[in-house]
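Counting starts at 1 for both ligands and their atoms, in listed order.
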Amino acid sequence: MNAIGHFIGGKHVAGASGRGGPVFNPATGEQSATVALASAAEVDAAVRVAAAAQLGWAATPPLMRARTMFKFKELLEKHRDDIARLITLEHGKTHEDAKGEVIRGMEVVEFACGIPYLLRGDMTPDVGRGIDTWSARHPLGVVAGITPFNFPVMVGMWMAPMALACGNAFLWKPSEKDPTSSMRVAELLLEAGVPAGVLNVINGDKVAVDALLAHPGVAAISFVGSTAVGEYIYTTGCAHAKRVQALCGAKNHMVVMPDADLDQTVDALMGAGYGAAGERCMAISVAVAVGNVADRLVAKLAPRVGALKVGPGLDPQSEMGPLVTKEHLAKVKSYVDIGVTEGAKLVVDGRGLKLQGYENGYYMGGCLFDDVTPDMRIYKEEIFGPVLSVVRVPDYDSAVKLVNDHEYGNGAAIFTRDGDAARAFSAEAKAGMIGVNVPIPVPLAFHSFGGWKRSIFGDRNSYGPEAVGFYTKIKTTTARWPTGIRSGAEFVMPTMR
Ligand code: NAD
């Protein structure tokens with residue numbers, strides 16, 4: 001059995017806590033590894049290693065750090081397929097989808113290559129007579145990233161390249177469900193020239209997270225995961241005077257207007273609702289059918305959902321792989337049971353799917369509910385599986401109200417040919433990322449990613465320009481070079497004279 005430890009000080013290190021957790025291949029249901037679960041003492045040791053290494057890294061000119069990122073990008077390109085394979089073997093998503101995940105992470109590395117420009121300061125000469133002021137951004141020190149199972153590489157790469165390029169040391173605590181790919185990324189960062197100890201991976205569960213949250217040597221925490229855990233991380237981290245950003249759960253709506261191109265809309269809903277088995281924070285889980293479009297929409301969707309090709313992620317024929325764990329599969333199926341009990345109409349039922357030769361894998365087929373109402377749990381809660389709910393509303397105003405009244409506000413999309421409706425939606429919808437005829441409007445790396453409402457805690461989005469702000473602090477220097485004239489001690493507030 002493969003034993004996954006930690007990656008600290010540039011080396012693989014075995015776990016020392018005596019605790020470990022199983023890692024499974026969701027396609028077969030077989031255990032593939034045991035991952036070490038760090039103790040508070042191991043976290044403390046990793047923070048010390050990172051703090052010592054950070055000093056030299058912070059003193060390395062940004063241009064040199066950028067060159068390391070260029071090298072890292074080259075290595076990611078070279079090893080993209082192998083990394084994607086590691087993702088598929090532990091997460092379950094299809095190999096093509098996993099390759100896409102690596103590329104989206106790589107795009108953040110490309111943005112981080114511009115760090116000398118991004119860290120440029122501001123300078124004002126003559127703020128007073130013979131006095132100049134300049135502001136520059138400095139790294140925070142040791143920062144930590146706590147990441148979810150659903151993008152085991154990409155979400156860590158939303159954080160690490162930016163944190164490192166800004167001159168910090170980074171401690172990555174991946175999900176204990178699929179940790180292997182993050183260890184591979186750590187090896188590549190070392191190979192690219194990030195000094196040993198500047199990037200460390202510490203595997204673990206709540207014990208490791210709590211140790212990071214309380215550790216005085218950790219200056220900031222970036223978290224991505226569920227809302228309950230994110231709120232806990234935000235409040236606990238802030239109580240320990242840390243800078244915290246926590247990007248959390250979602251229930252993304254797609255408003256389908258009566259004039260939408262239905263073939264395009266259905267294609268978009270299939271990819272956005274069932275891609276990665278719905279295990280994406282930007283997955284569309286609610287289709288809001290406006291006016292008379294509902295019957296036509298459901299009639300076109302149902303056969304497509306029923307015909308989804310479900311199979312192992314490494315099979316190139318598969319459109320959708322298994323869910324991540326047996327427990328998660330049971331949870332998603334139980335939501336479908338709840339929806340039926342609540343009175344929603346289950347148009348396509350994927351609960352019974354079995355795959356020959358993969359009887360122990362964590363598979364289910366796509367599910368489609370119609371006549372879902374806002375009081376139902378399947379509408380209110382994040383299911384995080386291949387379950388799409390159709391809610392019928394009479395008009396545009398009711399659709400926007402639905403989006404805005406929901407507790408989550410990660411993404412929201414509208415499908416229409418009406419520019420006026422689209423423009424109004426973009427202005428009025430209370431969500432952080434809006435798509436107009438784009439189902440999953442994830443911003444590219446030179447913008448930033450983040451939701452509204454209970455989809456985020458903290459005031460900085462992830463990656464892009466926001467990350468430069470999050471991973472640095474400003475120092476403003478005021479200087480003068482007096483030429484022999486002494487004005488004596490001043491006991492009042494200096495003002496311009
Ligand atoms: P999760 O909250 O269970 O776990 C996330 C991380 O927190 C993991 O590293 C895990 O080890 C740790 N953790 C779990 N329970 C903890 C606890 N009680 N105390 C401290 N740490 C704990 O999330 P997940 O199931 O891995 O990921 C799915 C969730 O992530 C979904 O809700 C999804 O919407 C969300 N997500 C959000 C975004 C975003 O950008 N908004 C992106 C991806 C995923």
(request) Return yes when Cys248 approaches ligand 1 closer than 4.0 angstrom through a heavy atom, no otherwise. (result) yes

(request) Using a strict 4.0 Å cut-off to heavy atoms of Asn150, name the atoms of ligand 1 that fall inside it. (result) 43 (C), 44 (C)

(request) Ignoring angles and geometry beyond distance, decide whether Thr147 reaches within less than 3.5 Å of ligand 1 through its nitrogen or oxygen atoms. (result) yes

(request) Please determine if Arg48 and Asp44 form a salt bridge, counting it only when a charged side-chain N lies under 4.0 Å from a carboxylate O. (result) yes

(request) Heavy-atom contacts with Ile146 under 4.0 Å: which atoms of ligand 1 show up? List them by number with element. (result) 6 (C), 7 (O), 9 (O)

(message) Can you report which non-hydrogen protein atom sits closest to atom 15 (N) of ligand 1, along with the distance?
(response) Val229 CG2, 3.6 Å

(message) Can you check which of Gly145, Pro179, Gly225 brings a heavy atom nearest to atom 35 (C) of ligand 1?
(response) Gly225

(message) Measuring from atom 36 (N) of ligand 1, which candidate in Gly249, Cys281, Ala228 has the nearest non-hydrogen atom?
(response) Cys281

(request) Take His91 and Phe151 through the test ring pair (Phe, Tyr, Trp, His ring centres under 6.0 Å) and record every step on the way to the result. (result) CA-CA 8 Å; His91 175 284; Phe151 285 107; 7.5 Å; no

(request) Starting from atom 18 (N) of ligand 1, find the nearest protein heavy-atom neighbour and note its residue, name and distance. (result) Lys206 CD, 3.7 Å

(request) Find the distance between CG (Leu247) and OG1 (Thr147) and round it off to the nearest 0.5 Å. (result) 12.5 Å

(request) Any chance you could measure Thr472, atom OG1, to Leu118, atom CG, to the nearest 0.5 Å? (result) 10.0 Å

(message) Can you confirm, on distance only, whether ligand 1 has an N/O atom lying under 3.5 Å from any N/O atom belonging to Phe149?
(response) yes

(message) Could you check whether Lys173 pairs with Glu176 (Lys NZ or Arg NE/NH1/NH2 to Asp/Glu carboxylate O, under 4.0 Å)?
(response) yes

(message) A side-chain contact here means heavy atoms from C-beta on lying under 4.5 Å apart; do Val391 and His253 qualify?
(response) no

(request) Measure the acute angle between the ring planes of Trp158 and Phe449, then classify it against the limits of 30° and 60° as parallel, tilted or perpendicular. (result) tilted

(request) Determine whether more than 12 heavy atoms belonging to other residues, nucleotides or ligands lie under 6.0 Å from atom NE2 of His447. (result) no

(message) Applying a heavy-atom cut-off of 4.0 Å, say which part of Trp158 lies close to ligand 1: side chain, backbone, both or neither.
(response) side chain

(message) Any nitrogen or oxygen of Lys173, side chain or backbone, less than 3.5 Å from one on ligand 1?
(response) yes

(request) In plain terms, say whether Lys73 and Glu110 are close enough for a salt bridge, that is, a side-chain N and a carboxylate O under 4.0 Å apart. (result) yes

(message) Take a 6.0 Å sphere around NZ of Lys326 and say whether it holds more than 12 heavy atoms from other residues, nucleotides or ligands.
(response) no

(message) Among Asn410, Val403, Ile284, Val286, exactly one meets side-chain contact (heavy atoms from CB on, under 4.5 Å) together with Lys251. Which residue is that?
(response) Val286

(request) List every atom of ligand 1 that sits less than 4.0 Å from any heavy atom of Asn410, numbering the atoms from 1 in the order shown and giving each element. (result) 41 (N)

(message) Below 4.0 Å, non-hydrogen atoms only: which portion of Leu247 touches ligand 1? Side chain, backbone, both or neither.
(response) both

(request) Heavy-atom contacts with Ser226 under 4.0 Å: which atoms of ligand 1 show up? List them by number with element. (result) 1 (P), 2 (O), 23 (O), 29 (C), 30 (O), 32 (O)

(request) Give yes or no for whether the N/O distance cutoff of 3.5 Å, strictly under, is met between Glu382 and ligand 1. (result) yes

(message) Test your reading of the structure: does Tyr232 have an N or O sitting under 3.5 Å from an N or O of ligand 1?
(response) no

(request) Give the residue, atom name and distance (to 0.1 Å) of the protein heavy atom nearest atom 40 (O) of ligand 1. (result) Phe449 CE2, 3.0 Å

(request) Could you establish whether Pro174 and ligand 1 come within less than 4.0 Å of each other, counting only heavy atoms on the residue side? (result) yes

(message) Show me which atoms of ligand 1 lie under 4.0 Å from any heavy atom of Phe384.
(response) 28 (C), 31 (C), 33 (C), 34 (O)

(request) Would you verify that at least one protein heavy atom lies under 4.0 Å from atom 4 (O) of ligand 1, or report that none does? (result) no

(message) Would Thr227 count as being in polar contact with ligand 1, using the rule that some N or O on each side must be under 3.5 angstrom apart?
(response) no

(request) Rounded to the nearest 0.5 Å, what's the gap from OH on Tyr408 to CZ on Arg454? Could you check? (result) 7.0 Å

